[in-house]
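Residue numbering restarts at 1 for every chain, and letters A, B, ... go by the order of the sequence lines. Note that this is a predicted model, so its numbers are computed, not measured.
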2 protein chains.
Amino acid sequence: MLITVDPASPQPLADQVAASVRAALASGTAAPGDRLPSARNVAATLGINLHTVLRGYQQLRDEGLVELRRGRTAVITDAADQFRLRLAAAAEEFARAALHAGASEEEALAAVREALLAMRG
Amino acid sequence: MLITVDPASPQPLADQVAASVRAALASGTAAPGDRLPSARNVAATLGINLHTVLRGYQQLRDEGLVELRRGRTAVITDAADQFRLRLAAAAEEFARAALHAGASEEEALAAVREALLAMRG
DNA sequence: CCAACTGTTTGCTTTTGACTATAACACTGC
DNA sequence: GCAGTGTTATAGTCAAAAGCAAACAGTTGG
């Protein structure tokens, strides 16, 4: 369970921490029942503040992906299994819109590439 | 051609101005050849600063959607056809969902390919 | 021509939010 | 007990967004 962060990115560090965990879930690197490294540990490793890490963790809690209790490290919940499904649902919605607009597959994929680029850019 | 803004939103005001114009284009409310209201007018109406409106306009210029020249109000270009805008809007929405889900670019594109295939196949 | 508009540019201040820093607190597990 | 955990609180630092003000350089239309 590796958490990484890019200080040069315009994206807030706390968001990057949360995104990092979501990525681990989406790729299967982490599964329900697994525990996240302690916030103090992550903060020290990444050279960022404890609060920043905890804000990221609390985002995940608000999304129901992890369970937080003091005295214990964060635990990944069963609800986190649905991540692949959510991505598939979003892709299906976009595909429907793209087809409705008369776009070819290449055009649709190019549009997504561009949007991703502009977004994490 | 109505431009609105929500000061309570975390989205920058300039971005909201640009998004407002894009929405008008996508919905057909505005068409190529139409003119945007003057930046000073919009600023006064919305109670925001001239610079903020102009920054939004310049975003649109950078995207090739409007033509800006001093002495004249912004003109919507022919490039601003609805097809690309709708596709781009849908792609942007999906990209946001994919990033939020922690998907990599490859994973996101793969999900779209799969959805397109399942849909027209 | 000329007055009244337009976007452009410059320089600065104010505000807002993210991040940091430090510290105390309350709970868990060994 | 004790070391580790998340939680909460307060305050400081920093950069980006937005605001303010003034001058500049074009366009438009009477």
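To the nearest 0.5 Å, atoms CD (B:Q16) and OG1 (B:T52) are separated by 11.0 Å.
Every residue was checked against the ring-ring contact (aromatic ring centres under 6.0 Å, His included) condition with B:Y57, not counting sequence neighbours, and none meets it. Looking at residues two or more places apart in sequence or on another chain, you find a side chain to side chain contact (heavy atoms under 4.5 Å, CB included) between B:L46 and B:I3, B:V5, B:V42, B:I48.
A:E105 contributes no side-chain N or O that, together with a main-chain N or O of B:R113, makes up a donor-acceptor pair within less than 3.5 Å. The closest donor-acceptor contact from the side chain of B:T77 to the backbone of B:L65 lies under 3.5 Å. Side-chain atoms of A:S20 come within 3.5 Å of backbone atoms of A:T4 as a donor-acceptor pair (strictly under, hydrogens ignored).
Residues B:L36 and B:I76 have side chains in contact (heavy-atom distance under 4.5 Å, counting atoms from C-beta outward). Residues B:H51 and B:R55 have side chains in contact (heavy-atom distance under 4.5 Å, counting atoms from C-beta outward). B:E67 places none of its side-chain heavy atoms less than 4.5 Å from the side chain of B:R35. For the pair B:V112 and B:L116, the minimum side-chain heavy-atom distance is below 4.5 Å.
For the helix from C:dC1-D:dG30 to C:dC30-D:dG1, the end axes, each set by the C1' atoms of five terminal pairs, are bent relative to each other by 30° (nearest 10°).
B:L54 comes within contact range of at least one nucleobase, with a heavy-atom separation under 4.0 Å. Counting any heavy atom pair closer than 4.0 Å across all strands shown, A:R35 reaches no nucleic acid atom. Within 4.0 Å of B:E67, counting heavy atoms only, lies no atom of the nucleic acid at all.
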Sequence neighbours excluded and cut-off under 3.5 Å, please list the side-chain donor-acceptor pairs for residues 87-103 of chain B, or say none.
{"unit_1": "B:E92", "atom_1": "OE2", "unit_2": "B:R96", "atom_2": "NH2", "d": "3.2"}
{"unit_1": "B:H100", "atom_1": "NE2", "unit_2": "A:E63", "atom_2": "OE2", "d": "3.2"}

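Between A:T73 and A:R55, the residue whose closest nucleotide on DNA chain D is further toward the 5' end is A:T73. When each of A:L13 and B:L36 is assigned the nucleotide of DNA chain C with its nearest heavy atom, B:L36 is the one assigned upstream, toward the 5' end. Nearer to the 5' terminus of DNA chain C, by closest-nucleotide assignment, is the contact made by A:G47 (compared with the other of A:R69 and A:G47).
Protein chain A contacts DNA chain D from D:dG4 to D:dA9, reading 5' to 3' and using non-hydrogen atoms of the protein with a distance under 4.0 Å. Here the range on DNA chain C touched by chain B, meaning any atom under 4.0 Å from one of its heavy atoms, is C:dT6 to C:dG11.
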